[in-house]
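What you see is a predicted model; the values in this text were computed from it and never measured. So that the names make sense, note that chain A is the first sequence line, chain B the second, and so on, each numbered from 1.
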Protein chains: 2
Amino acid sequence: MVNIGRKEREYQEREQRILEIARPMVVREGYHALNMNRIAEELEYSKGTVYNHFPCKEEIILALAIQTLEARTSMFQRGAKFVGRSRERMQAIGVACELFARLHPEHFVVEQLVRIPSIWDKTSSRRQQLLYRAETDCLTLVSSIVHAGVGAGDLVLPEGLNAEELVFGLWSMTFGAYSMLATNSNLPALGVVNGYDAVRSHLRHMLDGYHWRPLDAELDYDLVVQRVLELHFADEMAQMAQMAMAANHTTVD
Amino acid sequence: MVNIGRKEREYQEREQRILEIARPMVVREGYHALNMNRIAEELEYSKGTVYNHFPCKEEIILALAIQTLEARTSMFQRGAKFVGRSRERMQAIGVACELFARLHPEHFVVEQLVRIPSIWDKTSSRRQQLLYRAETDCLTLVSSIVHAGVGAGDLVLPEGLNAEELVFGLWSMTFGAYSMLATNSNLPALGVVNGYDAVRSHLRHMLDGYHWRPLDAELDYDLVVQRVLELHFADEMAQMAQMAMAANHTTVD
DNA sequence: GTCAATTATTGACCAAAGGTCAGAATCCGT
DNA sequence: ACGGATTCTGACCTTTGGTCAATAATTGAC
């Protein structure tokens with residue numbers, strides 16, 4: 001049965017290659033440039049073979065979105081390893097979330113696309129379930145920290161709001177803000193100078209509003225961020241520094 | 001010159017009709033169903049004439065988005081008429097925002113679409129400027145309330161955060177949350193039972209976090225919402241009630 | 001090693017849809 | 001009524017998502 005194994009492996013590898021080819025197409029040139037002919041060409045297989053893997057173009061988008069979510073969850077998991085009180089660990093998730101958005105803006109484009117009804121509706125419910133599963137995994141990770149906070153007595157949820165709904169709020173804020181930062185070039189003209197700083201401030205004040213202890217005034221969360229970065233995201237911090245340097249150079253030039 | 005006037009008027013009316021035809025197409029059947037041939041057919045003019053008005057399909061989406069933003073701004077303006085302290089007036093904007101999202105979910109689809117780079121990039125910078133202008137008008141209205149709050153001493157903005165960035169936070173939260181509520185049917189399964197209530201709670205707690213007086217504990221904002229609805233959105237309240245009744249009926253049936 | 005059955009691959013083909021433009025139709029001032 | 005300007009038309013072109021009958025490759029029984 002070693003041959004069946006090889007076949008299967010080759011099939012999986014080709015599926016990955018299709019996604020590797022498709023992602024930069026979507027990211028660099030937009031949804032319209034995602035072209036089945038071009039994918040087949042770059043893959044060096046015929047179009048029919050590509051359609052053997054994905055029944056339609058939209059299914060590729062969905063597959064990319066699932067990968068994206070998995071990548072984000074794994075980033076969140078690294079943040080969640082931070083040892084500390086519940087709100088510190090939530091701050092660690094926030095660090096992971098911001099890093100993910102800033103280092104991999106390409107993932108965001110895909111997440112926005114997959115929400116478009118005319119794209120979503122063309123995909124198979126099998127893969128839709130996979131995305132839902134990935135989404136659940138990510139949300140469960142975050143809401144477990146909320147539950148821990150409630151359990152430790154650091155947080156009291158107001159009546160009529162459950163832990164998942166609180167996470168929904170954090171998710172909405174980051175999704176909305178990072179989407180706009182990635183796509184709305186009018187923001188600086190509107191007076192939004194540093195969007196990422198603003199998001200961090202909003203999240204912190206929102207959790208303060210819910211009285212999640214220790215409050216911002218009771219603990220230096222900037223220090224927590226520093227420690228999270230050093231302990232769990234050293235590589236990403238270096239990448240960010242490199243990006244900042246590159247940006248400086250182009251500004252100077 | 002009365003004839004030139006008539007011509008011009010007919011041209012404008014036809015442009016409106018194109019948008020009236022296009023909106024339900026996008027809303028009911030999605031972006032893919034927005035079809036220039038069908039528009040021409042329903043308009044009872046040839047395709048070339050439609051292209052006289054809009055150089056490409058995407059330009060129609062952008063025009064719809066501008067209309068949407070104008071409709072939202074006018075709703076916000078009605079809310080802003082509420083007489084009270086700054087945070088009460090911000091609450092009135094919140095009421096307008098939620099009503100707009102719930103009563104006109106079709107507008108949301110368009111706002112999401114126009115952010116897609118592959119759509120945005122195909123539009124004329126002339127119309128892009130129009131959208132930016134409409135966006136500025138809306139944001140300015142809201143940020144003027146923040147400024148009023150600061151001026152009255154009810155709100156002290158933390159260092160490094162300006163009024164526009166605070167509004168950006170409210171905007172991100174509502175945009176992100178209402179987008180997801182409109183497109184992610186997995187939310188109830190994730191535990192998000194009542195998304196709209198959650199958003200209201202988040203906004204309130206966020207503003208509490210910023211210590212915008214009077215705090216939630218110092219004033220009954222549910223009562224403010226009631227008064228805003230009665231004073232400025234009586235029609236919309238009736239519509240909501242009707243929608244709720246219709247939903248009940250289908251549930252019962 | 002051979003061969004038939006099964007499976008995988010191909011690329012010509014189709015239909016749908018965005019976009020163009022030369023000519024037809026209409027309008028308008030004289 | 002006329003001629004020039006403007007507007008409108010729809011046949012036509014191109015691109016591209018998607019199909020499927022024909023072909024090639026693989027496999028396993030003998």
query = Rounded to the nearest 0.5 Å, how far does CG of B/Leu131 lie from CG of A/Asn186?
reply =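 A/Asn186 atom CG to B/Leu131 atom CG measures 8.0 Å (nearest 0.5 Å).
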
inquiry  = As an exercise, state the distance from CD of A/Gln239 to CG of A/Leu103, rounded to the nearest 0.5 Å.
reply    =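 Taking CD in A/Gln239 and CG in A/Leu103, the distance rounds to 5.0 Å.
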
If I take atom [atom1] in residue [X] and atom [atom2] in nucleotide [N], what distance separates them, rounded to the nearest angstrom?
| X | N | atom1 | atom2 | value |
| --- | --- | --- | --- | --- |
| B/Asn52 | C/dT26 | CG | C1' | 14 Å |
| B/Glu44 | D/dT9 | CD | P | 11 Å |
| A/His53 | C/dT9 | NE2 | P | 7 Å |
| B/Tyr11 | D/dT6 | OH | C1' | 12 Å |
| A/Glu41 | C/dT10 | CD | C1' | 15 Å |
| B/Phe54 | C/dG18 | CZ | C1' | 16 Å |

request  = With sequence neighbours left out, write down each residue that passes salt bridge (Lys or Arg N to Asp or Glu O under 4.0 Å) with A/Glu135, or none if nothing qualifies.
outcome  =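 A/Glu135: salt bridge (Lys or Arg N to Asp or Glu O under 4.0 Å) contacts with A/Arg115.
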
Taking only Lys NZ, Arg NE, NH1 and NH2, and the carboxylate oxygens of Asp or Glu, determine whether [X] and [Y] approach each other closer than 4.0 Å.
| X | Y | value |
| --- | --- | --- |
| B/Arg17 | B/Glu13 | no |
| A/Arg23 | A/Glu106 | no |
| B/Lys47 | B/Glu41 | no |

ask   = So what is the 5' to 3' dot-bracket string for DNA chain D, if pairs are Watson-Crick or G-U wobble with both distances under 3.5 Å, crossing pairs use [ ] and | means the partner sits on another strand?
value = ||||||||||||||||||||||||||||||

message = Just to be sure I understand the rule, does A/Arg38 reach a base, reach only the sugar-phosphate, or reach nothing, if contact means heavy atoms closer than 4.0 Å?
response =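 Here A/Arg38 touches no strand at all.
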
key: N/O (side chain, A/Arg14) to phosphate O (OP1/OP2, C/dA8) under 4.0 Å   =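 A/Arg14 to C/dA8 OP1/OP2: no side-chain N or O under 4.0 Å.
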
task = Please state whether the phosphate of D/dG10, meaning OP1 or OP2, lies under 4.0 angstrom from any side-chain nitrogen or oxygen of B/Ser46.
result =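 For D/dG10, OP1/OP2 do not have a side-chain N/O of B/Ser46 under 4.0 Å.
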
remark   = Quick tally for nucleotides 13-21 of chain D: nucleotides whose base has a protein heavy atom under 4.0 Å get B, sugar-phosphate-only ones S, the rest -, giving ---SBBB--

Without placing hydrogens or testing angles, list every side-chain donor-acceptor pair under 3.5 Å for residues 170-178 of chain B, not counting sequence neighbours.
residue, atom, partner, partner atom, Å
B/Ser172, OG, B/Phe168, O, 2.7
B/Thr174, OG1, B/Leu170, O, 3.0
B/Thr174, OG1, B/Trp171, O, 3.0

Sequence-distant partners of B/Trp120, ring pair (Phe, Tyr, Trp, His ring centres under 6.0 Å), two or more places apart =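 B/Trp120 satisfies ring pair (Phe, Tyr, Trp, His ring centres under 6.0 Å) with B/Tyr132 only.
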
Would you be so kind as to tabulate the donor-acceptor pairs closer than 3.5 Å made by side chains of residues 52-60 of chain B, with sequence neighbours excluded?
residue, atom, partner, partner atom, Å
B/His53, ND1, B/Glu15, OE1, 2.9
B/His53, NE2, B/Arg14, NE, 2.9
B/His53, NE2, B/Arg14, NH2, 3.2
B/Lys57, NZ, B/Leu34, O, 3.3
B/Glu58, OE2, B/Tyr31, OH, 3.0
B/Glu59, OE1, B/Ser124, N, 2.9
B/Glu59, OE2, B/Ser124, OG, 2.6
B/Glu59, OE2, B/Arg127, NH1, 3.2

